[in-house]
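Letters go in sequence order (proteins before strands), and every chain restarts at 1.
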2 protein chains.
Amino acid sequence: MSPKSSTIATGIDRFLGCELAGEIEFLAARTRSLGSARANALLAPLGLKVRSYSVLSLACSDLSPTQRELAEFLSLDPSQIVPLVDQLEKGGFVERCADPNDRRSKVISATRAGHTLYKQARLATAKGESTSMERLSKVEQETLRDLLSRIAFMPAN
Amino acid sequence: MSPKSSTIATGIDRFLGCELAGEIEFLAARTRSLGSARANALLAPLGLKVRSYSVLSLACSDLSPTQRELAEFLSLDPSQIVPLVDQLEKGGFVERCADPNDRRSKVISATRAGHTLYKQARLATAKGESTSMERLSKVEQETLRDLLSRIAFMPAN
DNA sequence: ACTTAATCGTTGACTTTTTCAAGAGTTTAA
DNA sequence: TTAAACTCTTGAAAAAGTCAACGATTAAGT
């Protein structure tokens with residue numbers, strides 16, 4: 001047995017010590033790439049992708065997000081939100097409601113069916129996340145979440 | 001003064017407590033998005049983007065990566081490496097060398113000019129990274145790097 | 001040795017994602 | 001009341017991602 005024991009050797013181990021592997025932007029990119037591939041696979045049976053899942057998640061919150069807010073929070077162009085909401089609306093999972101405070105905006109809220117779908121989808125992403133994090137202890141997982149959230153919401157400056 | 005004091009209010013603060021904001025995959029996506037936008041802006045004067053910078057970085061290591069290895073390490077399709085190396089080669093920063101062990105492979109290595117360019121580029125990305133991480137202490141930064149690198153290199157399973 | 005299967009870089013076609021400018025309707029400020 | 005700013009939407013164009021196939025080369029099976 002030339003590789004250690006448990007996991008499959010990927011062949012990139014010899015790059016682990018290189019300078020690039022120490023840059024958080026690179027690490028974040030790889031983390032996202034692996035994570036979203038996994039999440040997409042788990043969400044596919046529900047007819048969702050990571051993007052549409054994210055919109056559904058916010059629509060299921062009690063925060064009544066506008067499309068503009070969805071775009072900013074999800075790091076997307078406002079024009080990218082349109083087809084995402086279109087598709088969820090077509091499936092009957094989400095509704096565009098008039099914003100009482102500002103008739104320019106449209107507030108996205110989940111229907112009953114949307115909430116039901118989200119419950120299942122959330123289980124899928126939670127499963128993916130626990131797979132991604134399986135090499136970290138519970139405490140480490142919370143630390144990671146905290147540190148990441150502190151740099152993920154920096155103002156544009 | 002309605003916003004606190006220092007930093008610009010982005011308007012997404014009210015979403016910080018939502019369920020999605022607690023998912024690492026989402027946090028990694030936002031981190032990458034902010035980070036690569038900043039890095040691209042800093043690398044642009046050098047004629048590089050994050051992608052080409054990453055290839056150059058590995059070419060400057062003493063690891064003699066093949067294109068296949070570059071693809072795997074950078075989470076890209078092998079066919080995406082081709083134009084990246086083409087461009088760097090055209091600029092005289094990188095060379096495709098025959099792999100003595102396997103004539104199918106091509107080893108990518110940096111030229112003198114490539115090393116020079118990389119030194120400057122590395123300064124740019126380091127500056128971007130320190131901006132990204134400015135809300136974290138030095139110890140926290142190292143913790144984040146360690147935790148992320150442990151989940152960023154999981155085997156495919 | 002010889003055939004078969006697998007791998008590497010490359011190309012080309014195709015889909016998806018990203019980016020950007022502009023338009024119609026609405027709100028805010030002057 | 002006009003002008004400027006903002007929201008959603010559309011459409012076009014560029015960039016990125018996916019995938020199958022090819023020639024050249026290596027590895028495996030017999």
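Between its two ends, the helix from C:dA1-D:dT30 to C:dA30-D:dT1 turns its axis by 40°, counting five pairs per end and rounding to 10 degrees.
The pair B:Glu129-B:Arg122 does not meet the salt-bridge criterion, since no charged nitrogen lies less than 4.0 angstrom from a carboxylate oxygen. In summary, B:Arg32 and A:Glu25 do not engage in a salt bridge, as defined by a charged side-chain N under 4.0 Å from a carboxylate O.
Rounding to the nearest 0.5 angstrom, the gap separating the CG atom in B:Leu56 from the CD1 atom in B:Ile108 is 11.5 Å.
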What donor-acceptor contacts under 3.5 angstrom involve side-chain atoms of residues 147-154 of chain A, with partners at least two apart or in another chain?
residue  : atom : partner  : partner atom : Å
A:Ser149 : OG   : A:Arg145 : O            : 3.1
A:Ser149 : OG   : A:Asp146 : O            : 2.9
A:Arg150 : NH1  : B:Glu140 : OE2          : 3.1
A:Arg150 : NH2  : B:Arg135 : O            : 3.0
A:Arg150 : NH2  : B:Glu140 : OE1          : 3.0

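One finds no side-chain N or O of B:Arg68 lying less than 4.0 angstrom from the OP1 or OP2 phosphate oxygen of C:dT7. Contact annotation: A:Arg51 side-chain N/O to C:dT17 OP1/OP2 distance is not under 4.0 Å. Checking the phosphate oxygens (OP1, OP2) of C:dT16, no side-chain nitrogen or oxygen of A:Lys49 falls inside 4.0 Å.
Residues A:Ser132 and A:Arg38 have side chains that bring a donor and an acceptor to within less than 3.5 angstrom of each other.
B:Phe93 is linked by a ring-ring contact (aromatic ring centres under 6.0 Å, His included) to nothing, counting only residues two or more places apart in sequence or in another chain.
Looking at every heavy atom in both residues, A:Arg104 comes nearest to A:Asp102 through NH2-OD2, 2.7 Å. Closest heavy-atom contact between B:Ala124 and B:Leu42: O-CD1, 3.4 Å.
Residues from residues 76-98 of chain B placing a heavy atom under 4.0 Å of any atom in DNA chain C, listed by number, are B:Pro78, B:Ser79, B:Val82, B:Arg96. Residues from residues 56-67 of chain B with heavy atoms under 4.0 angstrom of DNA chain C, sorted by number: B:Thr66, B:Gln67.
Residues B:Ile12 and B:Leu34 fall into different hydrophobic clusters, defined by Ile, Leu, Val, Met, Phe, Trp and Tyr side chains chained together at heavy-atom separations under 4.5 Å. Residues A:Val82 and A:Leu70 do not share a hydrophobic cluster, defined by chaining ILVMFWY side chains whose heavy atoms lie under 4.5 Å apart. Under the 4.5 Å side-chain heavy-atom criterion for ILVMFWY residues, a single connected hydrophobic cluster contains both A:Leu20 and A:Leu16. Tracing side-chain contacts under 4.5 Å through hydrophobic residues (I, L, V, M, F, W, Y), one reaches A:Tyr118 starting from A:Leu88; they form part of the same cluster.
Note: CG (A:Leu74) to C1' (C:dT18) measures 15 Å, nearest angstrom. Per the geometry, CD belonging to A:Glu69 stands 15 Å off P belonging to D:dC6, to the nearest Å.
The six-membered or imidazole ring of B:Tyr53 lies away from that of A:Phe26, with a centre-to-centre distance of 6.0 Å or more.
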Once base and sugar-phosphate atoms are separated, protein heavy atoms under 4.0 Å mark nucleotides 25-30 of chain C, 5' to 3', with B, S and - as BBS---

